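Along the sequence shown, the residues carry numbers beginning at 1. Bear in mind the structure is a predicted one, so any value in this text is a computation, not a measurement.
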Amino acid sequence: MNILAYNPGHDGAVAFLKDGHLVFSIEAEKNSNYRYSPVSTHDVFRILGELEEEPDVICTGGWWPRDNFEYLHGSNIHVGYRGTTQTERITDQRKFLGKNIDYFSSSHERSHLLCAYGMSGLEMGTPCYALIWEGSIGAFYEIDGNLNVTLLGDVLNQVGNRYAQLYGLADPSFPKDIPYFRFEDAGKLMALASFSKRNPPSSEDTKLIDLLLRGSYQELSAYPVLKDSKYYNIGVTDEEFCNLAGIYSDRIFDIFFQFATTTLTKRLPLVIAGGCGLNCDWNTKWKQSGLFPEIFVPPVANDSGSAIGTAIDAQFHYTGNPKISWDVYSGLNFDDSKSFDISQYDIYEPDNEFISDLLAANLILAWVNGKYEIGPRALGNRSIIAAPFTENTRTRLNKIKQREQFRPIAPVCLEEDAIQWFDCHHSSPHMLFTYTVNTDALAAVTHVNKTARIQTVSPTSNNQLYDLLLAFKRKTGYGVLCNTSLNFNGRGFINNIRDLSIYAIEHKLDGFIIEGKCYLLRSSLYYQQYLNR
């Protein structure tokens with residue numbers, strides 16, 4: 001059965017399943033489009049060009065009502081945002097290229113649940129707990145062997161919104177009278193929380209935290225008292241605010257932890273979905289909690305996985321099978337057909353020893369290989385890579401990416417070396433957990449609290465990157481590199497050579513490598529220093 005599914009809204013994506021295998025998941029933000037974009041007409045035509053077979057089923061995930069009429073009367077197009085039961089579906093017949101095909105829709109809530117369950121390594125029929133925490137939902141569920149879902153409790157509504165809201169309070173550039181936070185602020189607060197000394201909160205801190213976490217979520221301007229808070233527009237790097245960020249983050253986690261401790265008592269595995277599933281600190285806390293024998297977080301935990309989840313739900317409805325096979329590199333191939341000014345580059349056909357030599361000489365390079373990664377984390381196919389040894393490299397990478405200097409840089413590491421440098425005893429291929437750095441030699445990838453959000457690489461997970469890491473280890477003694485996403489600020493991964501060349505020149509990369517061919521900018525000071533050694 002061929003199933004084509006799309007998530008129409010925020011973090012829009014279109015996914016295609018063929019006989020239980022994920023063929024592709026194409027995200028609207030990729031190819032230098034704006035982050036969090038919905039699916040557009042352009043995306044639809046691009047996806048039709050990728051299809052080699054007609055779908056048997058087209059399905060759409062649930063989303064917010066489009067207008068008041070739809071709010072009052074429901075929709076015959078999509079189910080809506082909330083809903084957990086198998087009966088809350090729309091099934092119909094539609095026309096596609098003159099052919100009658102099935103149409104399916106289920107809720108946004110179910111798309112998260114089915115994405116996490118269907119992509120997990122749990123055998124079909126294995127009961128488990130599920131946690132969805134995202135902008136709107138913050139809830140625990142139990143999924144039985146027949147995939148019946150029981151809502152165990154709405155623990156904290158709009159947990160993701162509340163989390164990011166604290167950053168907006170301290171940021172003078174954030175308008176306090178808008179109803180929603182900025183999507184990117186959650187990741188920034190996660191970075192700042194690591195600067196917290198976890199000093200005991202003052203009575204004012206406690207009152208502020210209680211104010212933001214009790215009752216329904218409201219915009220900041222709904223709390224007039226906040227203008228008198230010492231944190232109001234104080235600046236996000238203020239030392240006291242950073243301390244509060246860590247306390248606030250811990251408090252939110254503890255609300256869910258206390259619920260789990262008292263309610264989730266069956267020792268079942270836990271699958272996690274929703275944008276807060278990208279919070280590596282929280283994922284690590286769940287793993288360390290001892291409450292669950294197994295934890296799974298998909299690399300598309302945010303809404304970029306909703307199209308996959310809806311496709312899985314449709315597959316379950318029509319075939320009884322909620323499991324799929326998948327690869328994290330299921331995006332689109334890189335487009336090298338566009339024109340760019342090749343005269344600005346020296347071009348090489350290098351081996352990994354040469355690339356390692358460049359990296360060891362402190363060149364910073366874009367690394368492009370195969371299809372792009374699904375989800376928001378660059379995992380070695382649309383990455384910027386660099387040697388991991390100096391604080392200067394971290395500073396330069398954040399300048400290249402045009403982002404705040406408090407943001408950490410992640411390491412990519414040979415899977416077999418992860419225990420030595422990061423006390424990681426198992427594979428961690430999707431950069432979703434934090435680990436303790438065991439050496440002072442990796443300053444560029446060591447966050448202020450001595451942790452790192454690592455990606456481990458094996459010959460089977462990413463052979464090209466694995467071979468490069470081996471070569472870099474032969475050169476330097478460390479099978480570790482800096483790995484950060486290749487994208488313009490506020491946009492998704494770069495996926496064509498014209499944009500990549502513009503980025504390299506404007507952001508002062510030293511060059512880029514595409515499928516083994518190396519382009520080095522003649523204007524790069526680091527490259528010229530390398531040539532003149």
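Using a cut-off of 4.0 Å between Lys/Arg side-chain N and Asp/Glu carboxylate O, D327 and K371 are scored as not salt-bridged. Salt bridge absent: R110 and E88 never bring a charged side-chain N and a carboxylate O closer than 4.0 Å.
Annotation: cation-pi pair R162/Y217 absent, no NZ/CZ under 6.0 Å from the ring centroid and within 45° of its normal. For the pair K323 and Y117, the distance from NZ or CZ to the six-membered ring centre is under 6.0 Å and the angle to the ring normal is within 45 degrees. With F257 as the aromatic partner, K285 does not meet the cation-pi criteria of under 6.0 angstrom to the ring centre and within 45 degrees of the ring axis.
One side chain, N398 or R403, offers a donor N or O that lies under 3.5 Å from an acceptor on the other.
In this structure, H78 has its ring center at least 6.0 angstrom away from the ring center of W63.
The aromatic rings of Y163 and W282 sit perpendicular, their planes meeting at an angle over 60°, well past the 30° parallel limit. By the 30° and 60° cut-offs, the orientation of the rings of Y372 relative to F493 is perpendicular. Relative orientation of the F104 and H317 rings is tilted, given thresholds of 30° and 60° on the angle between their planes. In this pair, W133 and F253 present their aromatic rings tilted. The plane angle is within the 30 to 60° band. Between Y129 and F292, the ring planes are perpendicular. Angles over 60° get that label, and only those under 30° would be called parallel.
Note on residues 114-123: no pairs pass salt bridge (Lys or Arg N to Asp or Glu O under 4.0 Å), not counting sequence neighbours.
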